Amino acid sequence: MEYPFEVIEKKWQKKWQEKRVFKADDNSPKPKYYVLSMFPYPSGALHMGHVSNYSIGDAISRYKMMQGFNVMQPMGYDAFGMPAENFAIQHNSHPRLTTESNMNIMQDQFTAMGFGFDWDRKVATCTPDYYRWGQWIFKRLYEKGLVYKKSSFVNWCDECQTVLANEQVEDGSCWRCSSVVRQKEMEQWYFKITEYAEELLDFSKVIDWPERVMSMQKNWIGRSTGTEIDFKLEGSDEKITVFTTRPDTIFGVTFMAIPPEHPLSRRWLKEPTVEPKLVEFCEKVLNEDKISRSAEDTTKEGVFTGKYCINPVNGDKVQIWITNYVLMDYGTGAVMAVPAHDQRDFEFAKKYDIPMKMVIQNIEKTLVLEEMTAAYTEPGVLVNSAQFDDMESVASKTAISQWINEKGMGKETITYRLRDWGVSRQRYWGNPIPVIYCDKCGTVLVPDKDLPVLLPDNVQVGKTTNNPLLSVEEWVNCTCPECGGPARRETDTMDTFVDSSWYFARYADPKNENLPFSKEKAEQWLPVDQYIGGIEHACMHLIYARFFHKFLRDIGMVDCDEPFARLLTQGMVINMGSKMSKSKGNGVDPQEYIDRYGSDTIRVFMLFASPPEKDVDWNDEAVGGSFRFLNRVWRLIENNLDVIKTNNKLYNGDVTLSKQIAELRFSTHNMIKRWHEDIENKMQFNTAIAAIMEHLNCVTAIKDTSILTTDEKAVYAESCMMIVRLLYPFAPHICEELYEMTGNTGFVYEAGIPEFNPQYLVHDMMTVVVQINGKIRGKIDVPAGSDEETIKAEALNIDKIKTLLEGLEIKKVIVVQNKLVSIVAK
RNA sequence: GCGAAAGUGGCGGAAUUGGCAGACGCGCUGGACUUAGGAUCCAGUGGGCAUAGCUCGUAGGGGUUCAAGUCCCCUCUUUCGCACCA
């Protein structure tokens, strides 16, 4: 017989809703606890990843409710984005319709899973009352000089007709349609996230983040200290600035390398005397896609420009080459090439027969320039470096850098790998950028009172090769807010990562019509105490959100430094060793299993299968195991209703119990202790559940309760009820039902959090292991707390030990109280 | 190449201020009850052997220690992140 999960899950979902159990109260006197799981993209169905993610969040949330916190666990939808638009194109529909219908379907699934979300705080990023405030924040960023527009080369997908972020390009192809991505020069709006690079590297204000995520972000931001050095162009006052981390090699520069995108390259290409092969080369490189151009095995190529610059430290004439291996958007976009001491420059110089100059000699003084087959990049002693000769190369870095600074030839500086965030997207289904272009007034921001710039519905999605919004003429054409003359709207929309960069703050004050959220509400609820989501967001969403939060702090909207105090990155749900995906055909639909076993079983399986940050391997048979476990709990309570009902809470603690029942009491309190530790310290729900299973085994070993005394029945009743209460965060529906069946009123969490009694965790007798030379040879039971001498004597008195020790000399005996005796004998 | 994490039964995974390796679950084997079992219950389940016991065993090799999955050194493998970042 299976327990009636279908009936009871519906029943309790309804009750929770009726009693507003998960409503986060703005006026509660209880301390707040904000649990947040990353909101989903409304794809139309919850997948196993969501179920796993939200089962973790819900377990934490309900645990905190038991502890008496005023818990806020909100949920919403990351509802803008390209998939909806592409789907609409294919099915000749409208993104708004499909998105709304998808959100409705998912809402039903959320309900069926019974997750404890406060739906009154729901946020859907595609609604005007949400995206209005994204536009508002865009304007605040702009006012602070953190938004700018520039032309640069970006990843462009012809098929999808939009710019792609770097992470959306896989092996040179579009992640969605697999067509080849090319580089296209476009005007784009950028957020100056680099302004916050230094602070984003500082994690001292987070409480608990995975080391892994922090190091990924540090790596991504890529702080690098070095020196900027100015090289004057020959016969001109104009200069070309390089960034180098190796000022110690400055005397060894033999050429200058710049990319085709460099302003000087672009200027020289337009000169009438330009060599055709230079133009040809630049065109070739610029048309190459970013991925293959930057691949490690790409051959280094270049063309000499015929121009020279002057090395400021020694007046050397330096050839300027346009090359394919220098990046325009890192450092200054120009590299001083030192072939003798940089492998890339070495390869290039060899290929084009450019001179080399050795300026660092190894300690043994055995380096010969003509015999080098690779650049010498190790530390050494400076040579050919004027007054710096004989200086140790590492120490010379500072000395040379200071000297350069004093002479006004350059300065020490810090460069980041992190680039400014390009937020323009040439697509329809996103947040309109609140900008108007006027022939007279130039770029004008839409006044606050006119926000939001509404996304029009009557757009011809997919019918144009330009921005879809261009097709809505009555929307594009507008009047200039400043001069009242004719003007045009910006037709790019914002990257959807902008929408998700502040949603956690909107949940604190979701209905606010005057601001994104009030300062008071933000102070009340932020930071998020526990954030849960996938590791794949480590370098994107989680950096963007920290950036936004710090900006919002700087304009006085929030007062904490970090948005997410604790972060848990949950693993993926995989099937037969690989990630579930449609293309692999190994996806598993949660709904099928909700129907078969109920949501409590799915939750228990997810949480029990492995620790939350590890991948969960989906296993049909093991799910059945979780179901069996819940059935065993159900039967235990159902079969013992009388004993539990009449004896629960009767136990007064100070009575004699049979050995078995004393052991049962130990098991109960041991379970409570382990449950607390596993959840509180390690968030290891798998071992917390294992502790409950072990205890269940202990309870079910008692077959006949009729022979028990009243006190023993009370202990038994407690041992049963504790299962119901401790299982609650993981399998809430069945626990609410069992709690009610056993004569309780209200909800399980209202009973508070069970605490163990340390008194019941003390055993009278302890088993001590006896080792001879490290091997276990026997065991003894001794009264707890026996002194070392007694234990030692007991151990040496075991017949078997005596036999084994015959003819041996005891060198040493180590006694560890309550644990073991280790005898060293020869 | 650089950086990080990890390697424990047939499987998912427990156990680290060093102290009985394999908790809990899946699977498997045998049994009970059954017309039946994808139900339930009981027993067993790391390998080997001369099987009341002994012995080997936490990727491999060395070391420290009375005692090592846990600490130290070396090697291998896997996963993830970054990858011409000057």
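Because the structure is predicted, anything quoted here is derived from the model rather than measured. Labels below follow one simple rule: chain letters A, B, ... track the order of the sequence lines, proteins then strands, and each chain is numbered from 1. Only this structure's heavy atoms are used, side chains among them; waters, hydrogens and symmetry mates stay out.
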**Student:** Taking atom P in both C73(B) and G3(B), what distance in whole Å separates the two?
**Tutor:** 16 Å

**Student:** Looking at A86(B), I'd like to know if its phosphate oxygens (OP1 or OP2) sit under 4.0 Å from a side-chain N or O belonging to Y325(A).
**Tutor:** no

**Student:** Starting from P on U79(B), measure out to CD1 on I574(A) and report it in whole angstrom.
**Tutor:** 12 Å

**Student:** Rounded to whole angstrom, note down the C1' distance from C84(B) over to C80(B).
**Tutor:** 22 Å

**Student:** Can you tell me the pairing partner of C41(B) across any strand shown, Watson-Crick or G-U wobble, with both distances under 3.5 angstrom?
**Tutor:** G31(B)

**Student:** Please state how far atom CD in E621(A) lies from atom P in G10(B), giving the value in whole angstrom units.
**Tutor:** 18 Å

**Student:** Determine whether a donor-acceptor pair (one donor, one acceptor, N or O, separation below 3.5 Å) exists between the side chain of K811(A) and the base of C66(B).
**Tutor:** no

**Student:** So, OP1 or OP2 of A83(B): does either fall under 4.0 Å of a side-chain N or O from R417(A)?
**Tutor:** yes

**Student:** Among the nucleotides A86(B), G13(B), A14(B), which one has an atom lying closest to any side-chain atom of V335(A)?
**Tutor:** A86(B)

**Student:** What is the distance, rounded to the nearest whole Å, between atom OH of Y3(A) and atom P of U40(B)?
**Tutor:** 14 Å

**Student:** Quiz question: going by heavy-atom distance under 3.5 Å, is there a donor-acceptor pair between the base of C20(B) and the side chain of K779(A)?
**Tutor:** yes

**Student:** Provide the distance between the two C1' atoms, one in A59(B) and one in U55(B), to the nearest whole Å.
**Tutor:** 22 Å

**Student:** Distance check, C1' atoms only: A15(B) and G25(B), in whole angstrom units.
**Tutor:** 16 Å

**Student:** For G57(B) and G69(B), measure between their P atoms and round to the nearest Å.
**Tutor:** 10 Å

**Student:** Only one of Y196(A), Y190(A), Y544(A) clears ring pair (Phe, Tyr, Trp, His ring centres under 6.0 Å) with W421(A); which?
**Tutor:** Y544(A)

**Student:** So, does D248(A) use its side chain to make a donor-acceptor pair with the main chain of K397(A) at under 3.5 Å?
**Tutor:** no

**Student:** In whole angstrom, what separates M766(A)'s CE from G19(B)'s C1'?
**Tutor:** 13 Å

**Student:** What nucleic acid atoms does N697(A) come within less than 4.0 Å of, heavy atoms only: base, sugar-phosphate, or nothing?
**Tutor:** sugar-phosphate

**Student:** In whole Å, I'd like the distance from the CD atom of Q343(A) to the C1' atom of C2(B).
**Tutor:** 15 Å

**Student:** Nearest whole angstrom, please: distance from the C1' of A39(B) to the CZ of F629(A).
**Tutor:** 18 Å

**Student:** Would you indicate whether K411(A), at its atom NZ, is surrounded by more than 12 heavy atoms from other residues, nucleotides or ligands within a distance under 6.0 Å?
**Tutor:** no

**Student:** Quantified in whole Å, what is the P atom distance between nucleotide G10(B) and nucleotide G47(B)?
**Tutor:** 8 Å

**Student:** Roughly how far apart, to the nearest Å, are A21(B) and A32(B) at atom P?
**Tutor:** 36 Å

**Student:** At under 4.0 Å, does any side-chain N or O of K614(A) touch on OP1 or OP2 of G13(B)?
**Tutor:** yes

**Student:** Whole angstroms only, please: what is the CZ-P distance between F346(A) and G1(B)?
**Tutor:** 20 Å

**Student:** Distance check, P atoms only: U64(B) and C11(B), in whole angstrom units.
**Tutor:** 34 Å

**Student:** Under 4.0 Å, heavy atoms only, any strand: does G625(A) hit a base, just the sugar-phosphate, or nothing?
**Tutor:** sugar-phosphate

**Student:** Please pick, from C26(B), C66(B), G12(B), the nucleotide with the shortest atom-to-atom distance to any side-chain atom of K812(A).
**Tutor:** C66(B)

**Student:** Check this for me, if you would: do K673(A) and E677(A) make a salt bridge, where the nitrogen-to-carboxylate-oxygen distance has to be below 4.0 angstrom?
**Tutor:** yes

**Student:** Using Watson-Crick or G-U wobble geometry with both distances under 3.5 Å, which nucleotide pairs with C26(B)?
**Tutor:** G10(B)

**Student:** Within the 4.0 Å heavy-atom criterion, would you say Q771(A) contacts the bases, only the backbone, or no part of the nucleic acid?
**Tutor:** base

**Student:** Is D316(A) salt-bridged to K357(A), going by a charged N under 4.0 Å from an acidic O?
**Tutor:** yes

**Student:** With a 4.0 Å heavy-atom cut-off, tell me which residues in residues 211-219 of chain A come close to RNA chain B, sorted by residue number.
**Tutor:** R212(A), M216(A), N219(A)

**Student:** Take N631(A) and N619(A), find for each the nucleotide of RNA chain B with the closest heavy atom, and name the residue whose nucleotide sits nearer the 5' end.
**Tutor:** N619(A)

**Student:** Hunt down the Watson-Crick or G-U wobble partner of G3(B), both distances under 3.5 Å, from any strand shown, or write none.
**Tutor:** C80(B)

**Student:** If each of F608(A) and T245(A) is mapped to the nucleotide of RNA chain B with the nearest heavy atom, which maps nearer the 5' terminus, i.e. the 5' end?
**Tutor:** F608(A)

**Student:** Hey, does the Lys NZ or Arg CZ of R546(A) hover above the aromatic six-ring of W209(A), less than 6.0 Å from the centre and inside 45° of the axis?
**Tutor:** yes

**Student:** Any side-chain heavy atom of L286(A) sitting closer than 4.5 Å to one from E261(A)?
**Tutor:** yes

**Student:** Within a strict 4.5 Å, meaning less than it, do heavy atoms of the M372(A) and M356(A) side chains meet?
**Tutor:** no

**Student:** Give none if G46(B) has no partner; otherwise give the nucleotide forming a Watson-Crick or G-U wobble pair with it, both distances under 3.5 Å.
**Tutor:** C56(B)

**Student:** Within a strict 4.5 Å, meaning less than it, do heavy atoms of the Y330(A) and S224(A) side chains meet?
**Tutor:** yes

**Student:** Once you apply a heavy-atom cut-off of 4.0 Å, does V326(A) come out as touching a base, just sugar-phosphate, or nothing?
**Tutor:** base

**Student:** Closer than 4.0 Å, any side-chain N/O of S224(A) to the OP1 or OP2 of A86(B)?
**Tutor:** yes

**Student:** With syn defined as a glycosidic torsion within 90 degrees of 0 and anti otherwise, which applies to G9(B)?
**Tutor:** syn

**Student:** Going by side-chain hydrogen bond (donor to acceptor under 3.5 Å, both in side chains), name the pairs with one or both residues in residues 623-633 of chain A, residues two or more places apart or in two chains.
**Tutor:** R632(A)-N697(A), R632(A)-T700(A)

**Student:** Separation of I229(A) atom CD1 from A86(B) atom C1', in whole Å?
**Tutor:** 11 Å

**Student:** Within a strict 4.5 Å, meaning less than it, do heavy atoms of the R777(A) and V770(A) side chains meet?
**Tutor:** no

**Student:** Give none if A86(B) has no partner; otherwise give the nucleotide forming a Watson-Crick or G-U wobble pair with it, both distances under 3.5 Å.
**Tutor:** none

**Student:** Tell me which nucleotide, if any, is Watson-Crick or G-U wobble paired with U51(B) when both distances must be under 3.5 Å.
**Tutor:** none

**Student:** Give the B/S/- string for nucleotides 41-59 of chain B, one per nucleotide from 5' to 3', where a protein heavy atom under 4.0 Å of the base yields B, of only the sugar-phosphate yields S, and otherwise -.
**Tutor:** SS-----------SSS---

**Student:** In terms of ring plane angle, is the pair Y376(A) and H341(A) parallel, tilted or perpendicular, where the classes change at 30° and 60°?
**Tutor:** perpendicular

**Student:** So, OP1 or OP2 of A14(B): does either fall under 4.0 Å of a side-chain N or O from N686(A)?
**Tutor:** yes

**Student:** Find the partner of G19(B): check Watson-Crick (N1-N3 plus N6-O4 or O6-N4) and G-U wobble (N1-O2, O6-N3) distances, both under 3.5 Å, and reply none if neither fits.
**Tutor:** C66(B)

**Student:** If you only use heavy atoms from C-beta on, which nucleotide in A23(B), C26(B), G19(B) is closest to the side chain of V816(A)?
**Tutor:** G19(B)

**Student:** Looking at side-chain heavy atoms only, is the closest gap between E211(A) and F203(A) below 4.5 Å?
**Tutor:** no

